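One is the number of the first residue; the rest follow in order along the sequence. Not measured: the values here are computed from a predicted model.
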Amino acid sequence: MTIDWHAVITGFGTGVAVSILYFVGLALSIRLAMRLIRPVSVLLPSAALRIGLLLWAGWLVTEGGTLGWAFAGYALAFFLVRFTATLMARLPRVKEAGCN
């Protein structure tokens, strides 16, 4: 079995960029939704947009699902960014200076 490293690296790089956008969008939509009376009005469109972006980019980088090594890199990147985002979300919040 031969590994196509160019495809793996392309998939991984794209996966990292798109996954960061995905989780930043999730964080922003959660913050906004917590301030609203009807949070579903933000959460549903946000989820649809984020999932659509993730799938569209994955489709492009894997050329319609035909590049298995690009898919492997893309999936690995998503799970690494997800793991990092989860760790960051669990960190205790530091109060800003001057706020009580």
Quiz prompt | Sole candidate of Y74, W56, F12 that passes side-chain contact (heavy atoms from CB on, under 4.5 Å) when paired with V61 | solution =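 Going through the options one by one, the only one that passes is Y74.
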Tell me whether [X] shares a hydrophobic cluster with [Y], the cluster being built from Ile, Leu, Val, Met, Phe, Trp, Tyr side chains joined at under 4.5 Å.
X	Y	result
L54	I20	yes
L55	L67	no
L28	M34	yes
I30	L49	no

Exercise. Please identify each residue that fulfils side chain to side chain contact (heavy atoms under 4.5 Å, CB included) with V8, with sequence neighbours left out.
Key: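 Listed in chain order: I3, W5, W69.
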Could you list the cluster mates of [X]? Members are the ILVMFWY residues connected by side-chain heavy atoms closer than 4.5 Å, either directly or through other members.
X	answer
I9	none
W59	none
V40	L44

Practice problem: With sequence neighbours left out, write down each residue that passes ring-ring contact (aromatic ring centres under 6.0 Å, His included) with F71, or none if nothing qualifies. | Solution: none
Donor-acceptor pairs are to be reported for all side-chain atoms of residues 79-87 against protein atoms at under 3.5 Å, with residues two or more places apart or in another chain.
residue, atom, partner, partner atom, Å
T84, OG1, L80, O, 2.9
T86, OG1, R82, O, 2.8

Quiz item: What do the steps show when you test Y22 against L53 for side-chain contact (heavy atoms from CB on, under 4.5 Å), and what is the final call?
Solution: CA-CA 8 Å; Y22 180 90; L53 172 68; over 6 Å; no
Quiz item: Is S29 reaching over with its side chain to a backbone N or O of L26, donor-acceptor style, under 3.5 angstrom?
Solution: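 The answer is yes, because a donor-acceptor pair under 3.5 Å joins these two groups.
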Practice problem: Could you go through the side-chain contact (heavy atoms from CB on, under 4.5 Å) check for L43 and L32 one step at a time? | Solution: CA-CA 9 Å; L43 294 176; L32 179 60; over 6 Å; no
